[in-house]
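Quick caveat: nothing in here was measured; it's all calculated off a predicted structure. Reckoned from all heavy atoms, side chains included, excluding hydrogens, waters and symmetry mates. Each chain gets a letter, A, B and so on, in the order its sequence line appears, and its residues count up from 1.
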2 protein chains.
Amino acid sequence: MTKYEKRIYEIVNQSSSHMTVEQIYQILKADFPSVVLATVYNNLNKLYRDRLINKISVEGLPDRYDRIVKHDHIVCRNCGKLTDIQFDDLTDTLKKQFGTDFLFYDLKVFYVCPDCRKKLGADKSDHRHTNRMD
Amino acid sequence: MTKYEKRIYEIVNQSSSHMTVEQIYQILKADFPSVVLATVYNNLNKLYRDRLINKISVEGLPDRYDRIVKHDHIVCRNCGKLTDIQFDDLTDTLKKQFGTDFLFYDLKVFYVCPDCRKKLGADKSDHRHTNRMD
DNA sequence: ATCCAATATTAGAATTATTCTAAAATTATT
DNA sequence: AATAATTTTAGAATAATTCTAATATTGGAT
């Protein structure tokens with residue numbers, strides 16, 4: 001592991017996780033001012049390939065990186081804020097249904113976070129960014 | 001509804017759905033050779049905003065569009081092929097857990113499709129595109 | 001320690017997906 | 001028909017990401 005890879009791994013594993021490439025780049029620059037964005041991409045891709053970190057993709061938002069811990073995510077449809085949640089493990093059920101070629105699953109729950117609820121007021125009709133109501 | 005919007009809506013609702021912007025654009029050009037890519041984006045965004053179609057985002061793959069029907073998706077981690085699946089409805093459980101601000105959820109199941117399984121052979125160690133094993 | 005090979009980093013170009021802008025065209029309204 | 005509103009167009013602009021080729025660094029083997 002190179003110094004960059006090591007530091008990037010640390011950053012992603014910090015509590016204030018769920019960071020974008022750009023955010024990781026900014027933090028890394030504090031330690032290594034000469035580092036280049038491509039290096040961040042290279043190392044994130046490598047860490048991700050080697051399954052040392054996770055990548056979280058939400059439609060309409062830039063990808064974020066996460067430490068490897070079994071949990072799902074809840075995403076505010078208004079502001080995009082992403083929070084870890086603990087929900088029933090569906091692995092066994094899915095394995096039963098989809099057989100041995102099942103790999104893993106990705107569950108994202110969409111809601112309006114408390115902050116946005118306040119801002120939006122009692123009116124629950126604002127779903128500007130909502131994409132799927134079924 | 002303009003002719004473009006109407007036709008794009010039709011295309012997305014066809015059986016061979018799950019199409020990318022580019023694929024939709026190509027089909028639309030068969031009917032309207034002079035149409036421009038921006039028009040496809042405009043209309044897809046409009047249809048999506050108005051919730052007449054769904055958008056499917058999978059990490060590493062271009063967005064695809066889908067008709068509005070309640071179902072989840074299973075995605076081959078090797079070739080990206082996307083197929084509709086019917087899985088237990090989690091809405092009630094999620095509502096109970098996350099309250100009235102719950103909007104909807106997104107469940108994607110990742111696996112190796114039969115075609116890729118054949119190609120990859122009995123060796124189940126190839127997970128080139130796998131991103132999350134937890 | 002020195003040389004070599006392998007790997008990583010850099011800078012910048014290239015690509016891809018998408019949005020934006022302002023003008024032109026189309027459609028709807030009075 | 002005149003006006004207003006909306007849509008389309010062309011192309012520029014942006015954002016995210018990958019690629020390329022040169023350079024630098026690192027880790028063995030001698």
Side-chain angles (χ1 to χ4, degrees), chain A residues 1-12 18-66 75 79-80 82 128-131, chain B residues 1-12 17-66 75 79-80 82 128-132:
Chain A
M1 253 198 183
T2 70
K3 60 182 176 182
Y4 294 129
E5 194 180 356
K6 194 158 168 276
R7 186 72 186 100
I8 288 171
Y9 178 78
E10 271 174 28
I11 292 169
V12 172
H18 302 149
M19 266 174 293
T20 63
V21 174
E22 193 56 37
Q23 290 172 325
I24 292 165
Y25 175 53
Q26 291 308 328
I27 293 173
L28 197 65
K29 272 216 295 205
D31 297 357
F32 308 101
S34 69
V35 77
V36 151
L37 191 55
T39 300
V40 182
Y41 276 102
N42 287 342
N43 282 294
L44 282 171
N45 284 342
K46 188 165 177 293
L47 287 165
Y48 176 53
R49 250 193 343 264
D50 298 347
R51 263 158 268 156
L52 293 169
I53 59 175
N54 274 331
K55 191 191 265 197
I56 314 169
S57 290
V58 181
E59 186 277 300
L61 301 172
D63 286 350
R64 279 172 276 193
Y65 290 87
D66 195 7
V75 185
C79 70
L82 198 146
R128 262 173 286 169
H129 302 95
T130 300
N131 70 337
Chain B
M1 253 198 182
T2 70
K3 59 182 176 180
Y4 294 128
E5 194 180 358
K6 196 158 165 277
R7 186 70 185 101
I8 288 170
Y9 178 79
E10 271 174 27
I11 293 169
V12 172
S17 197
H18 302 146
M19 266 175 295
T20 63
V21 174
E22 193 56 36
Q23 290 172 325
I24 293 165
Y25 175 52
Q26 291 307 327
I27 292 174
L28 197 66
K29 272 216 295 205
D31 298 356
F32 309 101
S34 70
V35 78
V36 150
L37 191 55
T39 299
V40 182
Y41 275 103
N42 287 342
N43 282 294
L44 282 171
N45 285 342
K46 188 165 176 293
L47 286 165
Y48 176 54
R49 249 195 341 266
D50 298 346
R51 263 159 270 154
L52 293 169
I53 60 174
N54 273 331
K55 191 192 266 198
I56 315 168
S57 290
V58 181
E59 184 279 301
L61 302 172
D63 285 351
R64 279 171 277 193
Y65 291 86
D66 197 5
V75 185
C79 69
L82 199 145
R128 262 172 286 170
H129 303 94
T130 300
N131 70 338
R132 181 188 143 165

- Query: Do Val21(B) and Tyr65(B) come within less than 4.5 Å of each other through their side chains, counting heavy atoms only?
  - Reply: yes
- Going from CG on Leu82(B) to CD1 on Ile56(B), what distance comes out if it is rounded to the nearest 0.5 angstrom? 5.0 Å
- dT27(C) OP1/OP2 closer than 4.0 Å to side-chain N/O of Thr2(B): no
- Compare the minimum distances between each of dT8(D), dT19(C), dT18(D) and the side chain of Asn43(B), then state the nucleotide with the smallest one. dT8(D)
- Task: Look at the side chain of Val36(B) and decide which nucleotide, out of dT9(D), dT9(C), dA16(D), has an atom nearest to it.
- Result: dT9(D)
- Task: Select base, sugar-phosphate, or nothing to describe what Thr39(B) touches, counting heavy atoms under 4.0 Å on all strands.
- Result: base
- Message: Just the rounded figure in Å: distance from C1' of dT9(C) to NZ of Lys29(A).
- Response: 16 Å
- Check the distance between dA16(D)'s C1' and Leu44(A)'s CG and give it to me in whole angstrom. 13 Å
- Below 4.5 Å, heavy atoms only, C-beta onward: do Val12(A) and Met19(A) meet side chain to side chain? no
- For Leu61(B) and dA17(C), give me the distance from atom CG to atom P, rounded to whole Å. 11 Å
- Just how far is it from atom CG of Leu44(A) to atom OH of Tyr9(A), taken to the nearest 0.5 Å? 13.0 Å
- Query: Across the strands shown, which category fits Lys46(B) at heavy-atom distances under 4.0 angstrom: base, sugar-phosphate, nothing?
  - Reply: sugar-phosphate
- Task: Could you please name the option among dT17(D), dT10(C), dA17(C) that lies closest to any side-chain atom of Val35(A)?
- Result: dT10(C)
- Task: Let me know, please, whether Pro62(B) or Lys3(A) comes out on the 5' side of the other along DNA chain C by nearest nucleotide.
- Result: Lys3(A)
- Integer-rounded Å distance: dT26(C) C1' and Lys6(B) NZ: 17 Å
- Message: Is there a side-chain contact between Tyr41(A) and the phosphate of dT17(D), meaning an N or O under 4.0 Å from OP1 or OP2?
- Response: yes
- Query: Can you tell me how far the CG atom of Asn43(A) sits from the CZ atom of Arg7(A), to the nearest 0.5 Å?
  - Reply: 13.0 Å
- Atom pair distance, as rounded to whole Å: CZ in Arg64(A) and P in dA16(D): 12 Å
- Note on the structure: If pairing means Watson-Crick or G-U wobble with both distances under 3.5 Å, then the partner of dT30(C) is dA1(D)
- Message: From CG of Leu37(B) over to C1' of dT19(C), roughly how many Å is that when rounded to an integer?
- Response: 11 Å
- Regarding the side chain of Ala38(A), the nearest nucleotide among dA16(D), dG12(C), dT9(D) is dG12(C)
- Query: Rounding to a whole Å, what distance do you find between Glu5(A):CD and dT26(D):P?
  - Reply: 14 Å
- Query: Are Asn42(B) and dT8(D) close enough that a side-chain N or O sits under 4.0 Å from OP1 or OP2?
  - Reply: no
- Protein-nucleotide distance (Met1(A), atom CE; dT9(C), atom C1'), rounded to Å: 17 Å
